[in-house]
Amino acid sequence: MSDSQRDPGHGNSQGDDGQRNAGTGLLIGRPFGIPVYVSPSWFIVAALITVAFEPAVREQLGSGAPFSYLVAFTFAVLLYASVLVHELSHSVVARCLGLPVRRISLYLLGGVSEIEREPRTPGQEFLVAFAGPLLSLVLGGCGILALQVVEGPGVGYLLLFELTFANLLVGGFNLVPGLPLDGGRVLRAAVWKLTGRSFTGTVVAAWVGRAAALVIIALPALAALAGRSPGLITLAWALLIGSFIWMGAAQAVRHARIRERLPLLRARTLTRRALPVSADLPLSEALRRAGEVGANAFVVVDHEDKPVAVVSGAAVAAVPPQRRPWVQVGHLARTLEPGMIISAELSGERLIAALRAVPATEYLVVEPTGEVFGVLAAADVERAFVKS
């Protein structure tokens, strides 16, 4: 199976989390320039699939170990190859729409495309989300047609059947209309289009996802009531998949709430008034001047009054009062890098993206005309976000 694309910035969507860290696994390639990682958990699943599928292979081919295990393992590989193709379709469409893709990770329950920004419109959301199931189902349909031509039984026929089944499984499962699956993102796009609010779409699709999770968890119990005794593996998979969908739906709502708050973060309103100082000015004198004009930040300027560094507020606070006359402001400053100069017009996701591009404690904020507006402390942004 495959879970939907995730936005690491907030986040599945294609959306933080243990799955995002799956990219620390084994790098297996860079199709279309996108790094693909395989988590160590994949090998556990591959082993389980091999053991579970081997009896069917032995029965159909009449071959015993080790050949039957090799064919069964091939099914596990084909299943995750189908997941990879599915995720690549998400990623390629996202990149065509201008949404950066960090990487693709294959892990215990499928795969995830880590898209760095949320789609900006319901149409983009639909295209990125639907691309995966569409390609999987098309490949599955092609496999059905090919099965009419290939003669069976035999290894080739069985492997083609496995590949067809894998694509139909990945495509069909992901069309379940609940987050965090692709069908949930399609539903989210539809509700977003109707209501004009992405948050409403997320809430609706998340609740549908929770309902789907409960149904999956309850399926073994329903089978037992119908006189069919589910095996232990079936029970474990139902619980695992249902829990995954439930937690993914809850996570999607949390991310949506974060995105709702982001527009409240504006560089212009969070920026501190800054006092321009020379690097050799004693800290005590700088603080005295700042008190006179009501400034609470410092910008180090050169002999032409051009900003060259910003002073760390934490470093200033750490200097004992008795030492401040002997400490020069320049010793507490960080030289400005291009990414540390941001526009006063930035807000929301654009502001967060700018701060993430070059991590720092302080940033120089400038007007669109290039004039210095002040200094933005990363701690102020964090406090404002938590308060909101």
Side-chain angles (χ1 to χ4, degrees), residues 1-3 19 22-32 34-89 91 103-113 132-133 135-174 220 229-241 244:
M1 101 181 71
S2 163
D3 101 286
Q19 284 140 2
T24 57
L26 176 65
L27 176 65
I28 62 172
R30 295 178 178 271
F32 301 100
I34 302 170
V36 177
Y37 292 86
V38 174
S39 168
S41 63
W42 176 84
F43 296 96
I44 299 175
V45 177
L48 292 175
I49 292 175
T50 300
V51 172
F53 194 63
E54 188 273 339
V57 173
R58 188 186 332 126
E59 180 180 348
Q60 292 190 39
L61 298 182
S63 301
F67 185 74
S68 58
Y69 282 96
L70 177 62
V71 176
F73 176 74
T74 302
F75 171 68
V77 174
L78 290 175
L79 177 60
Y80 274 82
S82 301
V83 171
L84 175 57
V85 171
H86 179 101
E87 294 301 331
L88 277 173
S89 63
S91 299
R103 62 194 172 195
I104 293 173
S105 298
L106 303 179
Y107 63 103
L108 180 67
L109 289 176
V112 56
S113 302
L135 182 57
S136 294
L137 293 176
V138 167
L139 292 175
C142 292
I144 291 175
L145 295 177
L147 286 172
Q148 311 307 312
V149 179
V150 177
E151 295 184 0
V155 175
Y157 182 88
L158 183 59
L159 290 179
L160 179 59
F161 177 83
E162 292 172 352
L163 185 59
T164 300
F165 173 77
N167 277 285
L168 293 175
L169 174 65
V170 170
F173 180 79
N174 275 278
S229 179
L232 183 60
I233 294 180
T234 300
L235 289 171
W237 272 110
L239 181 60
L240 186 62
I241 294 172
F244 160 77

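Position 1 is the first residue of the sequence; numbering continues from there. Note that the structure is predicted; figures quoted are calculated from it, not measured.
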One should read off an interatomic distance between Y37 OH and R30 CZ, to the nearest 0.5 angstrom, of 5.5 Å

In chain order, what residues pass the side-chain contact (heavy atoms from CB on, under 4.5 Å) check against P55, with sequence neighbours excluded? R58

Just to verify, which of L168, L169, L163, N167 counts as forming a side chain to side chain contact (heavy atoms under 4.5 Å, CB included) with F165? L169

Nearest non-hydrogen partners of G111 and L106, listed with the distance: CA-CD2, 4.1 Å

Report the C-alpha distance between V71 and E162 in whole Å, list the side-chain angles of each, state the deciding distance to 0.1 Å, and finish with yes or no for side-chain contact (heavy atoms from CB on, under 4.5 Å). CA-CA 10 Å; V71 176; E162 292 172 352; 3.8 Å; yes

Contacts of L147 that satisfy side-chain contact (heavy atoms from CB on, under 4.5 Å) - sequence neighbours left out: Y157, L160, F161, T164

Restricting to non-hydrogen atoms, name the atom on F75 and the atom on I49 that form the minimum distance, rounded to 0.1 Å. CD2-CG2, 3.5 Å

In W42, F73, F43, the residue satisfying ring-ring contact (aromatic ring centres under 6.0 Å, His included) with Y80 is W42

For V85, the side-chain contact (heavy atoms from CB on, under 4.5 Å) test, sequence neighbours excluded, returns L135, L139

Do P133 and H86 touch side chain to side chain, with heavy atoms closer than 4.5 Å? yes

So how far is it from S105 OG to L26 CG, rounded to the nearest 0.5 Å? 11.5 Å

Between L88 and P31, what is the shortest heavy-atom contact and its length? CD2-CG, 3.8 Å

Determine whether F173 and I241 satisfy the following criterion, side-chain contact (heavy atoms from CB on, under 4.5 Å), listing intermediate values before the conclusion. CA-CA 11 Å; F173 180 79; I241 294 172; 3.8 Å; yes

For side-chain contact (heavy atoms from CB on, under 4.5 Å), just list the numbers for N174 and V170, CA-CA rounded to whole Å, side-chain angles, deciding distance to a tenth of an Å, and then say yes or no. CA-CA 6 Å; N174 275 278; V170 170; 3.9 Å; yes

Which atom pair, heavy atoms only, marks the closest approach of A238 to P220? CB-CG, 3.5 Å

Donor-acceptor pair, side chain of E87 and main chain of S113, under 3.5 angstrom: yes

